[in-house]
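Notes to accompany the following structure.
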Amino acid sequence: MLFRTSRLCLVLVVVTAPCWAYFEPHTHDACFCQLSGRIDECTCNIDTVDHFNNVKVYPRLRSLLLKDYFRFFKANLKRECPFWHDDSKCAMRYCHVQACGDGDVPVGIKGTAKLKKEEKEEDTCGGSDKELDYLNKTISAKMKKDLVMWTKYDDANDNFCVVDENDEDAEYVDLLLNPERFTGYKGSSANRIWNSIYLENCFRPKSYYSLYIPSSKLNSMCLEERVYYRAISGLHTSINIHLCANYLLSHSNGLSLTDPKGEWGPSLVEFERRFSPETTNGEGPNWLRNLYFIYLLELRALAKAAPYLEQETFYTGNEAEDFDTQMAVKDLLNIAKQFPNHFDETTMFTGSAQAARLKHEFKEHFLNVTRIMDCVGCDKCKLWGKLQTKGLGTALKILFSQKFNQKKLFQLQREEIVALFNAFGRLSTSIYKLDNFREMLEH
Ligand SMILES: *[C@@H]1O[C@H](CO)[C@@H](O)[C@H](O)[C@H]1NC(C)=O
Ligand SMILES: *[C@@H]1O[C@H](CO)[C@@H](O)[C@H](O)[C@H]1NC(C)=O
């Protein structure tokens with residue numbers, strides 16, 4: 001109990017302390033002034049996470065995500081935007097996504113997708129019936145039908161993401177051939193995405209209308225609302241770090257966005273533009289802190305789901321590779337489990353009817369964020385946006401689903417697992433890349 005109270009106090013202290021309180025003499029740049037001390041809502045320090053990630057997690061993930069099971073992600077990039085009409089589709093060559101041809105995807109992956117679908121159909125018609133029969137042999141046919149419907153409804157309720165991989169238009173994409181990097185997609189179409197996420201799909205302090213919530217105002221919101229905001233902000237930060245770390249350097253040298261000889265690399269100018277206190281009303285350094293928060297959130301989800309994920313076969317049809325993948329996943333999960341100060345999700349949504357309502361809103365907001373991804377005008381950004389929101393949504397499902405503790409009922413689909421690991425891989429890469437920028441600034 002004492003522990004918990006002291007943690008809450010620390011959160012308050014850390015959030016409201018001024019920038020210079022963290023200014024270390026050897027750090028030349030103000031972007032990093034908030035990157036020390038305790039991570040908000042958590043019990044561990046930034047430098048603990050830096051070391052843990054850069055030494056233990058990042059190298060493992062880097063090789064794991066090259067495996068066939070994780071490199072092919074299926075999504076529907078052709079869904080219509082449900083909220084507004086956007087005809088400013090990005091036609092620039094770097095926005096384009098190259099979908100896989102029929103022969104590119106291992107048969108095993110396509111096979112399991114099919115199999116899983118059939119299994120699922122069987123589940124609702126045959127499989128779960130057996131269990132119902134076991135519970136009550138006298139159950140009526142009508143009752144059986146209703147129960148199946150309720151279970152389906154509950155299942156849908158369990159998801160924090162809209163599902164699009166079963167759509168007819170869904171296609172496999174090789175993530176390694178379509179890396180996340182600066183595409184030139186910006187302007188009003190891009191701004192509209194983040195505006196609608198922050199302004200219409202986040203919790204906000206009463207009568208506060210500016211886009212980003214300053215860290216000093218965050219404390220007027222409750223824990224769950226802050227967690228939601230920090231997760232969104234952390235995701236936004238991470239995406240921006242990738243764009244800065246894989247910036248089209250030749251563009252800054254005057255090369256046009258359509259030139260096939262594009263050259264990508266880290267841009268310190270772009271990084272400072274996005275995160276220095278001068279250009280962000282002092283908030284940039286806090287956004288960087290939120291990256292560490294979402295990292296811990298997803299790390300906790302991986303550790304929590306470890307018993308489930310350790311049973312996965314990661315089937316692609318190539319026996320040797322599948323075995324390697326299983327071993328590499330187990331190795332990574334062991335590291336995740338060993339992390340000593342995990343985010344504690346059990347403090348959230350506890351108690352009253354109000355907690356249930358809050359959870360409902362939390363889920364509705366996030367579901368809607370995954371729908372907004374269909375409005376992204378640049379296919380490559382849409383692909384990575386979908387992947388990363390699905391990964392975060394899967395983490396939330398692991399952390400907050402009622403069904404998680406009922407082993408038989410909890411299920412993750414292949415695309416959820418692929419998204420979870422790749423999304424975490426993106427966060428891990430961001431933290432790793434921050435070190436590069438820090439070094440560049442010191443020289
Ligand atoms: C089984 O279901 C029937 C019909 O709904 C009900 O009347 C009966 O009490 C149930 N039996 C048990 C053991 O729950
Ligand atoms: C979903 O997002 C759109 C676009 O921001 C917004 O107009 C709408 O009100 C949101 N719906 C819900 C249920 O939050």
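Numbering starts at 1 and runs along the sequence shown. None of the values given here were measured: they were computed from a predicted structure. Read the numbers this way: they start at 1 and go in the same order the structure lists the ligands and their atoms.
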Evaluate the ring planes of F362 and F400, with Trp represented by its six-membered ring, and classify them as parallel (under 30°), tilted (30 to 60°) or perpendicular (over 60°). perpendicular
Of all protein heavy atoms, the one nearest atom 12 (C) of ligand 2 is N368 ND2, 3.2 Å
Only residue of L235, T389, N368, I232 satisfying side chain to side chain contact (heavy atoms under 4.5 Å, CB included) with I197 is I232
Closest approach of M221 to R226 (non-hydrogen atoms, all atoms of both residues): O-NH1, 3.0 Å
Where's the contact between N201 and ligand 2, heavy-atom distance under 4.0 Å: side chain, backbone, both or neither? side chain
Pair F203 + Y229: ring centers closer than 6.0 Å: no
For F293 and F343, I'd like to know if the aromatic rings sit close, meaning centre-to-centre distance below 6.0 Å. yes
H365 versus ligand 2: do any nitrogen or oxygen atoms come within less than 3.5 Å of each other? no
List ligand 2 atoms under 4.0 Å from S196, heavy atoms only on the residue side. 5 (O)
Quick one: does atom 2 (O) of ligand 2 have a protein heavy atom under 4.0 Å from it? yes
Write out the residue and atom name of the closest protein heavy atom to atom 4 (C) of ligand 2, then the distance separating them to 0.1 Å. E200 OE1, 3.2 Å
